[in-house]
Amino acid sequence: MKQLVFPSLAAMLLCVLAPAHARAQELPPPQGEAVLEVHGAIANTNADGAAYFDIAMLKALPRTRLETSTAVTDGVRRFDGFLMRDLLALVGARSTTVTASALNDYVIDFAADEFERFDVLVAYEMDGEPLLPSDKGPLWIVYPRDQHAELQDIRYDYRWVWQLRRLDVE
Ligand SMILES: Nc1nc2c(c(=O)[nH]1)N[C@H]1C(S)=C(S)[C@@H](COP(=O)(O)O)O[C@H]1N2
Ligand SMILES: [Mo]
């Protein structure tokens, strides 16, 4: 019985603290090299008003798998990563336009409601192997193309941002 006292105290404390954390939360700083940064209208940050993520922090988001063909590879590929909407929830995104920028300076805007309507993935693995910067990595925005006919369209092909590096919420 005695061991139960401390866990329940901790649970009570969490309940008391949770509402404050839901408003604005200090994210832990990345321990490794930052591979993704999120700027702009976000509530939860870890440096200079932005949120920086190393790969371990991104892998702590609910792991999500998607099998789909792509416009640029042969056959069906298996992607593992996290949902874009889970990342936007984690940083407390407060606006509806998201601009993605890649290592090769490719830039494109998204309407954030798209990430609610579709399970858009930010993939860090393809077919069980880490995505490398030399091949669309380390992060690649992947759409559930085979699951939704409307996504099999050139207007979506150009949203498959490979070498994703930065998001701006505006
Ligand atoms: N980082 C990055 N992602 C990108 C692009 C790019 O130039 N850089 N091109 C986009 C476009 S226009 C298309 S059609 C698809 C496929 O591009 P690819 O055939 O050059 O791989 O990726 C999209 N993602
Ligand atoms: Mo394209």
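Both counts, for ligands and for their atoms, begin at 1 and track the order of listing.
- The pair E37-R165 meets the salt-bridge criterion, since a charged nitrogen lies less than 4.0 angstrom from a carboxylate oxygen.
- Looking only at distances, a side-chain donor or acceptor of D127 sits under 3.5 Å from a matching main-chain atom of R78.
- Atom 12 (S) of ligand 1 has its closest protein heavy atom at Y158 CB, 3.5 Å.
- Contact annotation: for Y106 versus ligand 1, heavy atoms closer than 4.0 Å belong to the side chain alone.
- Judged purely by distance below 3.5 Å, without hydrogens or angles, the side chains of S69 and D146 pair a donor atom with an acceptor atom.
- Distance from atom 8 (N) of ligand 1 to its nearest protein heavy atom, with residue and atom name: N104 ND2, 2.9 Å.
- Of all protein heavy atoms, the one closest to atom 21 (O) of ligand 1 is K136 NZ, 2.7 Å.
- Rounding to the nearest 0.5 angstrom, the gap separating the CG atom in L121 from the CG atom in D80 is 7.5 Å.
- Between the side chain of T45 and the backbone N or O of A47, no donor-acceptor pair lies under 3.5 Å.
- Atom 14 (S) of ligand 1 has as its closest protein heavy atom D157 CB, 3.9 Å.
- Under the 3.5 Å distance criterion, with hydrogens and angles disregarded, no donor-acceptor pair is assigned to the side chains of Q152 and Y143.
- With a 4.0 Å cut-off on non-hydrogen atoms, R159 does not touch ligand 1 at all.
- Distances below 4.0 Å separate heavy atoms of A102 from the following atoms of ligand 1: 1 (N).
- Contact of the I141 side chain with the F110 side chain is registered, since non-hydrogen atoms from C-beta on lie closer than 4.5 Å.
- In terms of protein heavy atoms, atom 18 (P) of ligand 1 is closest to V72 CG1, 3.8 Å.
- Looking only at heavy atoms of the protein, atom 17 (O) of ligand 1 is closest to W162 NE1, 3.8 Å.
- Some N or O of W160 is nearer than 3.5 Å to an N or O of ligand 1, by distance alone.
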